[in-house]
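All chains are named by letter (A, B, ...) in the order of the sequence lines, taking the proteins before the strands, and each is independently numbered beginning at 1.
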Number of protein chains: 2
Amino acid sequence: MARLPVYLRALVALAERGIATCSSEELAAAAGVNSSKLRKDLSYLGSYGTRGVGYDVEYLRYQIAREIGVTEDLPVVIVGIGNLGHALANYSGFTTRGFRIVALLDSDPDRVDEEVGGLAIRGHDDLERIVREENVAIGIIATPAAAAQAVCDRLVAAGVTSILNFAPAVLSVPPGVDVRKVDLSIELQILAYHEQRKALVQPIEGGVTA
Amino acid sequence: MARLPVYLRALVALAERGIATCSSEELAAAAGVNSSKLRKDLSYLGSYGTRGVGYDVEYLRYQIAREIGVTEDLPVVIVGIGNLGHALANYSGFTTRGFRIVALLDSDPDRVDEEVGGLAIRGHDDLERIVREENVAIGIIATPAAAAQAVCDRLVAAGVTSILNFAPAVLSVPPGVDVRKVDLSIELQILAYHEQRKALVQPIEGGVTA
DNA sequence: ACGATTTTGTTCTCACGTTCACAAGCTCCT
DNA sequence: AGGAGCTTGTGAACGTGAGAACAAAATCGT
Ligand SMILES: NC(=O)c1ccc[n+]([C@@H]2O[C@H](COP(=O)([O-])OP(=O)(O)OC[C@H]3O[C@@H](n4cnc5c(N)ncnc54)[C@H](O)[C@@H]3O)[C@@H](O)[C@H]2O)c1
Ligand SMILES: NC(=O)c1ccc[n+]([C@@H]2O[C@H](COP(=O)([O-])OP(=O)(O)OC[C@H]3O[C@@H](n4cnc5c(N)ncnc54)[C@H](O)[C@@H]3O)[C@@H](O)[C@H]2O)c1
């Protein structure tokens, strides 16, 4: 389920505030979902709650982390260390959430050996070797769209089976490989669409009622 | 529909390759969706295709852009010009997809007046004034999670009605305000989940069959 | 000019996800 | 010890979205 990470994040936040136990209602509010949905999602993992009391925050946190598979750090490579790649490489949030960036790769010779976030950029000739040696299963693509499919193919050929793609391009991969895409322009355009609907509807309502 | 921007991007890519007409099958492949779904989505906008021929790329491109509401540039502000904010400010893709970054805001006095991507960073005291003067409807939050809700509240109070949130926090907003969140850790954790499933299933299958 | 062919627009069915509602079960107070 | 009061877990209805299949329409060739 795609909501488990949200629950995990909410549980970590509750734990940091020193809360040891929480009801499905509280956790649902913290995660921004319906409490029914939350309970059904959690019941899919097993009965980790206590009726009349709620859920033990620390225990449930571990169970969800185990279900997701982030109890120990997973190695990740980032390909394309431009504007976005730099930000990702400098981001500390991955480390604290179950991931370990093991390599930064870029095709630009001028960028190679530059150090970002404590890691030296490697040339993309090293891609296959690094993926094999470090047993990397997850790759992040932050190259221009034109290079994305080629980079993707190389990652997959080297053994990567999960890809997070920031380039605005549709990647085709063999079966068994998962791709998730993050496209900020699309997110903004969806917001723009709703903006437009608001702009069309509200003036009419606004003039008559509130 | 959340898929319209994907179609738009695919149409722009086709137009750049000099293709003037395309079938639903071709466009669906370029967008990575089913052709039935694509035709149903497009029919919701009206009958913009020609049976036996397909869709006129340029015409459909404009119609979708109009439907989304990005025929003319929408003003956007970015709050929190750290690692991620810098990358966003330097990103040229927003401009070419219907958005115009009108201000970069940060609370850190050391950062104010620094120039990023041709725009000077402003102190966050200027938030309300800029939003009003430029008629900004869309705000991007790239601050730490702890500051996200406060920034969000200020944006909303100033008149912003759509928010794109990069901070790992659940934002609560009044009705009428849209929030979309981008959380990279969540994306990675979803990939990790599928990784784990693959790791559990494949060794068994792999040992017996292929 | 007419039919074959291609491709859209639409309808129908099906499956999934969401939400409501309630029974089972635990705790705490008396 | 027993019951009142919560809270979980789950069963059933509901609505929504996806996919396949088909009919309408436009072009092209003859
Ligand atoms: N910067 C943003 O905020 C932002 C926002 C949304 C989407 N994106 C997308 O993310 C991608 C990267 O954006 P950016 O702003 O960092 O671009 P960028 O041009 O700054 O960086 C791209 C980097 O990729 C490297 N590269 C190119 N081809 C490569 C290859 N074959 N192998 C390895 N490295 C290669 C380049 O040398 C460069 O360093 C783009 O596709 C962009 O559309 C960026
Ligand atoms: N860097 C990444 O690749 C990345 C990836 C995923 C998520 N994120 C999230 O994006 C957010 C920003 O990440 P970052 O790496 O850029 O962090 P950062 O610390 O580099 O930058 C945060 C910036 O926000 C500013 N800021 C703080 N409070 C503010 C306020 N009240 N008003 C205006 N500005 C304020 C700070 O001065 C700083 O410049 C964080 O929530 C982070 O979790 C970042």
Is there any salt bridge (charged side-chain N to carboxylate O under 4.0 Å, His left out) pair reaching into residues 19-46 of chain A, and which pairs are they, with sequence neighbours excluded?
-> A/Arg3-A/Asp41

Would you mind listing every salt bridge (charged side-chain N to carboxylate O under 4.0 Å, His left out) that reaches into residues 83-95 of chain B, with sequence neighbours excluded?
-> none

With a non-hydrogen cut-off below 4.0 angstrom, is B/Tyr44 in contact with a base, only sugar-phosphate, or nothing?
-> nothing

Qualifying residues under side-chain hydrogen bond (donor to acceptor under 3.5 Å, both in side chains), relative to A/Tyr62, sequence neighbours excluded = none

Counting only non-hydrogen atoms, which of residues 8-21 of chain A are less than 4.0 Å from DNA chain D?
-> none

Send over the distance from B/Leu45 CG to C/dT8 C1', rounded to a whole Å.
-> 14 Å

Only pairs at least two apart or in different chains count here, so list each salt bridge (charged side-chain N to carboxylate O under 4.0 Å, His left out) that has a residue in residues 136-165 of chain B.
-> B/Glu128-B/Arg154

Measure from CG on B/Leu27 to C1' on C/dT7 and round the result to the nearest Å.
-> 14 Å

Can you list every side chain to side chain donor-acceptor pair (under 3.5 Å) pair that touches residues 78-93 of chain A, not counting sequence neighbours?
-> A/His86-A/Glu114

Got a sec, which residues hit side-chain hydrogen bond (donor to acceptor under 3.5 Å, both in side chains) with A/Glu134, two or more places apart in sequence or on another chain?
-> none

Do A/Asp183 and B/Arg9 meet the salt-bridge criterion of a basic N to acidic O distance under 4.0 Å?
-> yes

Near-ring test B/Tyr48/B/Tyr55, centroid separation under 6.0 angstrom = no

Just list the side-chain donor-acceptor pairs under 3.5 Å for residues 164-178 of chain A, sequence neighbours left out, or say none.
{"from": "A/Asn165", "atom 1": "OD1", "to": "A/Ala167", "atom 2": "N", "distance (Å)": "2.9"}
{"from": "A/Asn165", "atom 1": "ND2", "to": "A/Ala167", "atom 2": "O", "distance (Å)": "3.1"}
{"from": "A/Asn165", "atom 1": "ND2", "to": "A/Ala169", "atom 2": "O", "distance (Å)": "3.2"}
{"from": "A/Asp178", "atom 1": "OD2", "to": "B/Lys198", "atom 2": "NZ", "distance (Å)": "3.2"}

Rounded distance (Å) that lies between atom P of C/dG25 and atom CZ of A/Arg39 | 16 Å

Every protein N/O within reach of nucleotides 25-30 of chain D N/O, cut-off under 3.5 Å:
{"from": "D/dA26", "atom 1": "O4'", "to": "B/Arg51", "atom 2": "O", "distance (Å)": "3.3"}

Kindly state each residue pair satisfying side chain to side chain donor-acceptor pair (under 3.5 Å) with at least one member in residues 97-106 of chain A, sequence neighbours excluded.
-> none

Identify the pairs formed between an N or O of the protein and an N or O of nucleotides 16-20 of chain C at a distance under 3.5 Å, and give each distance.
{"from": "C/dT18", "atom 1": "OP1", "to": "A/Arg3", "atom 2": "NH1", "distance (Å)": "3.0"}
{"from": "C/dT18", "atom 1": "OP2", "to": "A/Arg3", "atom 2": "NH2", "distance (Å)": "3.2"}
{"from": "C/dT19", "atom 1": "O4", "to": "A/Lys40", "atom 2": "NZ", "distance (Å)": "2.9"}

Listed partners of B/Asp126 passing side-chain hydrogen bond (donor to acceptor under 3.5 Å, both in side chains), at least two apart | B/Arg122

Under-4.0 Å side-chain N/O to phosphate OP1/OP2 contact, B/Tyr48 with C/dT7 = no

